[in-house]
2 protein chains.
Amino acid sequence: MNVKLKDIADRTGFSINTVSRALREDSRISEATRVTIRRIANEMGYIPNVVAGSMRSNRSRTIGIISADSANPFFAEVIQGIEEKARKANYSILLINTEEQAANERDAIRLLLGRQVDGLVIAPVYNDEENLALYRELTIPYIFVGRYVDGMQDHSILHGDVEGQALAVDHLLRHGHRKILYIAGPKNISNTIDRLQGLTQAYHAHNLEIDESYILSSSGHMEDGYARVNQALNRGLSFTAVVCFNDLLAIGALKSLHENSLSVPDDVEVFGFDNLAMSQFMQPRLTTVEVPKNRLGQKAVEELVRHIEDPAYPYTTVNMKPRLILRESTLANHMDNNATH
Amino acid sequence: MNVKLKDIADRTGFSINTVSRALREDSRISEATRVTIRRIANEMGYIPNVVAGSMRSNRSRTIGIISADSANPFFAEVIQGIEEKARKANYSILLINTEEQAANERDAIRLLLGRQVDGLVIAPVYNDEENLALYRELTIPYIFVGRYVDGMQDHSILHGDVEGQALAVDHLLRHGHRKILYIAGPKNISNTIDRLQGLTQAYHAHNLEIDESYILSSSGHMEDGYARVNQALNRGLSFTAVVCFNDLLAIGALKSLHENSLSVPDDVEVFGFDNLAMSQFMQPRLTTVEVPKNRLGQKAVEELVRHIEDPAYPYTTVNMKPRLILRESTLANHMDNNATH
DNA sequence: CGTTCATGGATTAACGTTAACACAACATTT
DNA sequence: AAATGTTGTGTTAACGTTAATCCATGAACG
C-alpha cells in the first residue's frame with residue numbers, strides 16, 4: 001500500500017493533521033517540525049493523494065479543456081500553451097475534443113463538472129441555445145479561448161478576427177485586386193462569422209460590394225482548400241487572389257493552384273490566417289495573419305486561475321492584436337512589408 | 001449546492017445506497033426502483049461526483065498521458081487517437097508534456113500517481129536509469145506508445161522503426177543512390193536509435209559501408225531540417241538524396257533545397273518518416289514512411305484498458321507494420337510505387 | 001409447516017485528506 | 001499579576017461516494 005499521512009504521523013509522532021499542515025507549508029507549524037516531517041515524508045516516498053485532498057477541500061486543482069480537435073495544429077498550439085501554463089500554476093488538465101458538435105460540448109461540460117474541475121477553458125460552438133443556458137448555470141469559472149458566444153463576450157480571449165481579416169483583404173484591395181476568392185470556415189464558430197465580417201468591412205471601406213459567388217464555404221481543413229480552389233477553377237471562376245479562413249485551407253489552395261499551373265504569387269496571391277508553424281515552410285512561404293496561439297492558451301489559463309483564486313475578479317474580454325505576416329505567397333513590393341519568415 | 005445522492009434519496013424515499021446502486025445499474029435493484037430513481041435523478045439534474053466515487057472505489061477512470069510535446073503534429077495525432085478511444089471507453093485523460101526531459105517525465109509520473117490515475121500512456125525518454133527504476137516500481141498498468149525502453153519492450157506499442165527506415169533507404173540504394181544524407185532525430189528516444197539501425201541494416205544488405213559524415217544529428221523539427229541541409233550544402237557535401245528521421249525535418253529540407261535551386265526529386269530525392277497530414281500538401285508531395293499515429297494512440301488505450309480491467313492480462317509488444325508512401329519527392333519510375341496521396 | 005434461498009433494500013463503515021475548533025504553553029501587555 | 005495575545009499542535013468531524021454487512025419479505029422446497 002502507498003504511504004499515507006497516517007504512516008508519516010505514526011513514524012514522526014505528530015498528529016495526521018500536523019503532518020498535513022507541515023507538508024502544505026502551513027504557517028502555523030514550527031520550522032523544526034516542518035523540516036523533520038518533510039524529511040521523513042521524502043524518505044518514505046510519500047505522494048499525496050490528490051483525490052482525497054480534493055474531496056475534502058473542494059478544490060481539485062484541475063482544469064477542464066474543451067477543444068474542437070486537439071490534432072488540428074491551431075488547437076495543438078493553443079493546448080500546448082494551456083498545458084504549459086497550467087503545469088506551472090500547479091493545475092492539471094483534463095482534455096476533451098468535441099469535433100465542433102454542440103452536443104459533445106454539453107457532454108464534455110457535464111463530465112468535467114462531475115470530475116469537479118475548478119474551471120473550464122472552452123473553444124465553444126457558436127450560440128447553441130442549449131449550451132448558452134448551460135454556461136449561464138455554471139458555478140465555476142470558465143474562459144472561451146479564441147472564440148466567443150453572444151452575450152458572454154467578456155469570458156473570451158480573442159485575437160481580432162474582424163480586424164485581422166479586414167487588414168488582409170484591405171491589403172489586397174489596395175494593391176488592385178478586385179476578384180478575390182474567399183474560402184470561409186466552419187459555420188458554427190464565431191471566427192468564421194467575424195472573419196467574414198472583416199472581409200465585408202474591407203470591401204466597404206473601399207466602396208466595393210462583395211460578389212457572393214466568390215465566397216465559398218468549407219470546414220477549414222487542407223483538403224477543403226484544395227477542393228474549393230479546384231472547383232472554382234473548374235467552374236471557370238476568374239480570380240487574382242485567394243483569401244482563406246485559415247492557413248490549412250491556404251495550404252490546400254496552394255496545392256491546387258500549383259497543380260493547375262498557376263503561379264503564386266504572380267498569377268494568384270494567397271492569404272492564410274493563423275500563422276501556423278508549418279506555414280513558413282510552404283512553397284512559397286505563406287502570407288498570413290498572426291494569431292498568438294500559444295499565448296492565447298497561456299492567457300486563458302492565467303485568467304482562469306485568477307478567477308478561480310478570486311471569485312470577485314471581474315470578467316473582461318481580452319483582445320490580442322492581429323498582425324499581417326507578409327511572405328512569398330503575396331507580392332511584396334510595397335512599404336508595409338515588415339516580416340521575413 | 002449540487003444535487004447529491006442524499007438529495008435523491010430524500011426525494012424518492014430510498015436509501016442513499018439504493019440510489020447509488022440504481023444509478024450504477026447494479027443487478028440487485030428492481031427494474032421499477034431503478035426507473036423511478038433514474039427519472040428523479042434526471043429531473044434533479046444529478047451529476048455524480050466522480051472524485052468522491054474514485055476515492056471510495058479506488059478507481060478514478062482516469063488515464064495519465066505523458067507526451068513529449070502535444071503541439072508536435074506527430075503527438076497531436078497520437079493524442080487525438082488516445083482521447084477518442086479513452087472517451088469512448090469512459091475514461092478521462094490527464095495530459096502532461098515533458099519536452100523530452102527525463103526529469104519532467106519523472107515529475108509527471110509522480111503527479112499522475114498522486115492523482116490516482118488507473119494507468120499511464122507514456123512516450124518515454126530512452127533508458128534513463130532513474131526512470132527505468134521508477135517504471136519497475138509502478139503498481140498501475142502502463143503502456144509506452146511509439147517508443148520503448150530496454151528490458152520493457154513488452155509494454156510498448158511500436159510501428160517498425162528499424163524496418164521502416166530500412167525499407168526507405170533500401171529503396172534509394174536500389175535506385176542507385178550512394179550519397180545519401182541522413183538527418184537523425186533527438187538522441188534520447190528509441191526511434192532515433194532504431195531508425196539509425198534501419199539505415200545501417202539497409203546499407204549492409206547492399207554490402208555498403210556508411211560514411212559517418214553523412215549522418216547529421218538534430219532535434220527533429222522543421223528548422224533543423226532546413227538548417228542541416230543548408231549546412232551540408234555550405235560544407236560542399238555532395239549528395240543525391242536526403243533521408244530524414246521524420247517528416248518535419250524533411251519539410252525543412254525541402255525548403256532549403258528549393259532555396260538552393262536544387263530540384264526535388266530530379267537533383268535530390270527526399271524521404272520523410274511518419275506521414276503527417278501536411279506532408280502530402282508539400283511541394284513536391286513528400287515521400288515518407290507511414291506510421292498509423294491515430295491508431296497507435298487508440299491501440300495504446302485499448303491495451304491499457306485491458307490491463308486495468310484485468311490485471312492478469314499479459315504484456316506483449318504490439319507491432320504495427322510500416323509501409324512506404326511513395327510520392328513526388330522521390331522518383332517514381334519503378335514498380336513498387338503503390339501509393340498516391 | 002419449518003427450512004432454505006433468492007430478492008430487494010437498509011445500515012454502517014470506510015476511502016485519505018483538510019477544515020474547524022480546541023487548547024496548552026509561553027510571551028506580552030497593562 | 002491578571003488579562004490578552006501568539007505559537008504550535010491535537011481532536012473531531014466532515015467531503016460524497018461505494019463496499020461490506022445485514023435484514024426483511026416472500027417464494028420454493030421437502
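Computed from a predicted model, the values in this text were never measured in an experiment. Here is the naming used below: chain letters follow the sequence lines, and residue numbers restart at 1 for every chain.
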Tell me, please, which residues at least two apart from Arg59(A) pass side chain to side chain contact (heavy atoms under 4.5 Å, CB included).
Ser57(A), Arg61(A), Tyr91(A), Asp118(A), Ile308(A), Glu309(A)

Length of the CG-P vector between Asp7(A) and dG16(C), whole Å
9 Å

Among dG16(D), dT18(D), dA13(D), the nucleotide that comes nearest once only the side chain of Arg24(B) is considered:
dT18(D)

What is the distance from CG of Asn2(B) to P of dT17(D), rounded to the nearest Å?
10 Å

Going by the salt bridge (charged side-chain N to carboxylate O under 4.0 Å, His left out) test, name the single residue among Glu84(B), Glu302(B), Glu77(B) that passes it with Arg295(B).
Glu302(B)

Does some side-chain heavy atom of Arg115(A) sit less than 4.5 Å from a side-chain heavy atom of Thr62(B)?
yes

Establish whether the base of dT17(D) is bridged to the side chain of Arg56(B) by a donor-acceptor pair shorter than 3.5 Å.
no

Scan residues 106-118 of chain A against DNA chain D and write down, sorted by residue number, each residue with any heavy atom closer than 4.0 Å; if none is found, say none.
none

Just jot down the salt bridge (charged side-chain N to carboxylate O under 4.0 Å, His left out) partners of Glu83(A), sequence neighbours excluded, or say none.
Arg87(A)

Less than 4.5 Å apart, side chain to side chain, heavy atoms only: is that true for Asp7(B) and Lys4(B)?
yes

Value in whole Å for how far the P atom of dC15(C) lies from NZ of Lys6(A)
10 Å

Within residues 42-49 of chain A, the residues having a heavy atom closer than 4.0 Å to DNA chain C are Tyr46(A), Asn49(A)

How long is the line joining CD1 of Ile37(B) and P of dT17(D), in whole Å?
13 Å

For nucleotides 9-11 of chain C, which of its nitrogen or oxygen atoms have a protein nitrogen or oxygen under 3.5 Å away, and what is each distance?
| residue | atom | partner | partner atom | Å |
| --- | --- | --- | --- | --- |
| dG9(C) | OP1 | Thr33(B) | OG1 | 2.4 |
| dG9(C) | OP2 | Ser30(B) | N | 3.0 |
| dG9(C) | OP2 | Thr33(B) | OG1 | 3.2 |
| dG9(C) | N7 | Arg21(B) | NH2 | 3.1 |
| dA10(C) | OP1 | Ser15(B) | N | 3.3 |
| dA10(C) | OP2 | Ser15(B) | N | 2.8 |
| dA10(C) | OP2 | Ser15(B) | OG | 2.8 |
| dA10(C) | OP2 | Thr18(B) | OG1 | 2.4 |
| dA10(C) | N6 | Arg21(B) | NH2 | 3.3 |
| dT11(C) | O4 | Asn17(B) | ND2 | 3.2 |

Are side-chain heavy atoms of Leu95(B) and Ser70(B) found at a separation under 4.5 Å?
yes

Using the test salt bridge (charged side-chain N to carboxylate O under 4.0 Å, His left out), find all partners of Lys187(B) that sit at least two apart in sequence or belong to another chain.
none

Find the distance Leu5(B):CG to dA19(D):C1' and express it as a whole number of Å.
14 Å

Partners of His159(B) by ring pair (Phe, Tyr, Trp, His ring centres under 6.0 Å), sequence neighbours excluded?
none

Rounded to the nearest angstrom, tell me the gap between atom CG in Leu23(B) and atom P in dG16(D).
16 Å

For Arg147(B), give me all partners under salt bridge (charged side-chain N to carboxylate O under 4.0 Å, His left out), at least two apart in sequence or on another chain.
Glu100(B)

Going by the rule salt bridge (charged side-chain N to carboxylate O under 4.0 Å, His left out), which residues pair with Arg38(A) if we only count those two or more places apart in sequence or in a different chain?
Glu25(A)

Could you give all pairs that pass the salt bridge (charged side-chain N to carboxylate O under 4.0 Å, His left out) test and reach residues 129-142 of chain B, with sequence neighbours left out?
Arg106(B)-Glu130(B)

The bend of the helix from dC1(C)-dG30(D) to dT30(C)-dA1(D), taken between the axes of its five terminal pairs at each end and rounded to 10°, is 40°

If we only count heavy atoms from C-beta on, is the Phe144(A) to Leu158(A) side-chain gap below 4.5 Å?
no

Residue pairs meeting salt bridge (charged side-chain N to carboxylate O under 4.0 Å, His left out), one or both in residues 39-53 of chain A, sequence neighbours left out, come to Arg11(A)-Glu43(A), Arg39(A)-Glu43(A)

